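This report concerns only the one structure given below.
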Amino acid sequence: QEQLVESGGGLVQPGESLTLSCTASGYTLDYYAIGWFRQAPGKEREGVSCLSSSDGPTVYADSVKGRFTISRDSTKNTVYLKMNSLKPEDTAVYYCATASRWICTLSGPYEYWGQGTQVTVSS
């Protein structure tokens, strides 16, 4: 059965880094577009970054350009989101999701979603 599991969240101070992982089971991520999204309390869900299938084009939200990097490790069927220079406004629950298309967008639709992992940036 198709499943996505996020991990790697935690509490960090401003300026520090975290790397989130999204591991798929039941299907191969190389054939899907993959997106990272986040949602803070009281705010709408926001697209953060996405990666096209087979290491195709990537997309980043303006708020994270130059700080976040999305990548895929096909041998582990895992997608990563490396987050550098974290800011308090990055605090949110982060979700990964996959879409049955080759090229990614931040607007969806996405078929499969993970359960989310909490990232808290606070001094």
Side-chain angles (χ1 to χ4, degrees):
Q1 191 68 34
E2 296 87 354
Q3 186 178 33
L4 293 171
V5 178
E6 303 99 332
S7 63
L11 173 64
V12 297
Q13 294 184 344
E16 295 183 345
S17 299
L18 276 177
T19 298
L20 306 182
S21 300
C22 175
T23 299
S25 60
Y27 63 112
T28 300
L29 290 177
D30 286 350
Y31 304 143
Y32 293 82
I34 306 168
W36 283 98
F37 303 84
R38 66 187 182 186
Q39 187 166 21
K43 297 183 179 180
E44 296 183 352
R45 187 180 65 200
E46 174 189 18
V48 176
S49 181
C50 68
L51 175 65
S52 299
S53 64
S54 301
D55 295 325
T58 59
V59 179
Y60 295 95
D62 289 342
S63 59
V64 306
K65 285 181 179 178
R67 299 189 298 121
F68 290 11
T69 303
I70 190 170
S71 62
R72 183 197 325 252
D73 185 342
S74 296
T75 65
K76 299 180 179 180
N77 209 27
T78 297
V79 171
Y80 303 96
L81 184 68
K82 182 173 177 57
M83 306 182 295
N84 295 327
S85 302
L86 283 163
K87 305 174 181 179
E89 50 263 43
D90 295 318
T91 296
V93 177
Y94 284 71
Y95 302 88
C96 67
T98 59
S100 297
R101 58 181 182 268
W102 185 81
I103 194 166
C104 79
T105 69
L106 295 181
S107 60
Y110 285 81
E111 298 173 347
Y112 303 111
W113 292 78
Q115 82 290 344
T117 185
Q118 176 71 47
V119 174
T120 302
V121 185
S122 180
S123 59

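None of these values were measured; they are calculated from a predicted model.
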Next on the checklist: Quick check: do Val48 and Phe37 have side-chain heavy atoms less than 4.5 Å from each other?
Outcome noted: no
Item to check | Any Val119 side-chain heavy atom under 4.5 Å of Leu18 side chain | outcome: yes
Checklist entry - Is a side-chain N or O of Ser49 found less than 3.5 angstrom from the main chain of Val59, in a donor-acceptor match? => result yes
Checklist entry - Heavy atoms, side chains only, cut-off 4.5 Å: are Thr120 and Val12 in contact? => result no
Checklist entry - Asn77 side chain to Tyr27 main-chain N or O, any donor-acceptor pair under 3.5 Å? => result yes
Checklist entry - Any side-chain heavy atom of Tyr110 sitting closer than 4.5 Å to one from Cys96? => result no
Item to check | Under 3.5 Å: donor-acceptor pair, side chain of Arg101, backbone of Ser52 | outcome: no
Item to check | From Leu81 atom CG to Ser71 atom OG, the distance as rounded to the nearest 0.5 Å | outcome: 8.5 Å
Next on the checklist: With a 4.5 Å cut-off on side-chain heavy atoms, are Arg72 and Asp30 touching?
Outcome noted: yes
Checklist entry - Is it true that a side-chain atom of Thr78 and a backbone atom of Lys76 form a donor plus acceptor pair closer than 3.5 Å? => result yes
Checklist entry - Is there a donor-acceptor contact under 3.5 Å from the side chain of Thr117 to the main chain of Gly9? => result yes
Checklist entry - At what distance, to the nearest 0.5 angstrom, does OG of Ser63 lie from CD of Glu46? => result 4.5 Å
Item to check | Side-chain heavy atoms of Ser53 within contact of Tyr31, under 4.5 Å | outcome: no
Checklist entry - With no hydrogens and no angle check, do the side chains of Gln118 and Thr91 hold a donor and an acceptor under 3.5 Å apart? => result no
Checklist entry - Any side-chain donor paired with an acceptor under 3.5 Å for Ser17 and Asn84? => result yes
Next on the checklist: Distance check, rounded to the nearest 0.5 Å: Leu51 atom CG versus Leu29 atom CG?
Outcome noted: 9.5 Å
Checklist outcome for this item: Nearest heavy-atom approach of Ser123 to Pro14 is N-CD, 3.6 Å
Item to check | Min side-chain heavy-atom separation Cys50-Tyr60 under 4.5 Å | outcome: no
Next on the checklist: Would you say Glu111 and Ser100 are linked by a side-chain donor-acceptor pair, where the criterion is simply a distance under 3.5 Å?
Outcome noted: yes
Item to check | Hphob cluster co-occupancy, Leu106 + Tyr112, side-chain heavy atoms under 4.5 angstrom | outcome: no
Item to check | Arg38 side-chain N/O to Ala92 backbone N/O, donor-acceptor pair under 3.5 Å | outcome: no
Checklist entry - Would you find a donor on one side and an acceptor on the other, under 3.5 Å apart, between the side chain of Gln3 and the backbone of Ser25? => result no
Item to check | Any pair counted as ring-ring contact (aromatic ring centres under 6.0 Å, His included), so long as it reaches residues 63-97, sequence neighbours left out | outcome: none
Checklist entry - Quick one: do Met83 and Val79 end up in the same hydrophobic cluster if we chain Ile, Leu, Val, Met, Phe, Trp and Tyr together by side-chain heavy atoms under 4.5 Å apart? => result yes
Checklist entry - Is it the case that one hydrophobic cluster holds both Ile70 and Tyr32, taking links as side-chain heavy atoms less than 4.5 Å apart, direct or via other members? => result yes
Checklist entry - Less than 4.0 Å between a side-chain N and a carboxylate O, is that true for Asp90 and Lys87? => result no
Next on the checklist: Using side-chain heavy atoms (C-beta onward) and a distance below 4.5 Å, is Ser122 in contact with Leu11?
Outcome noted: yes
Next on the checklist: Any side-chain to backbone donor/acceptor pair from Glu6 onto Gln115? Under 3.5 Å, distance only.
Outcome noted: yes
Checklist entry - Under 4.5 Å between side-chain heavy atoms, hopping through other hydrophobics if needed: is there a path connecting Val64 to Val93? => result no
Next on the checklist: My understanding is that a hydrophobic cluster links ILVMFWY residues whose side chain heavy atoms are under 4.5 Å apart, including indirect links. Using that, what else belongs to the cluster containing Trp102?
Outcome noted: Ile103
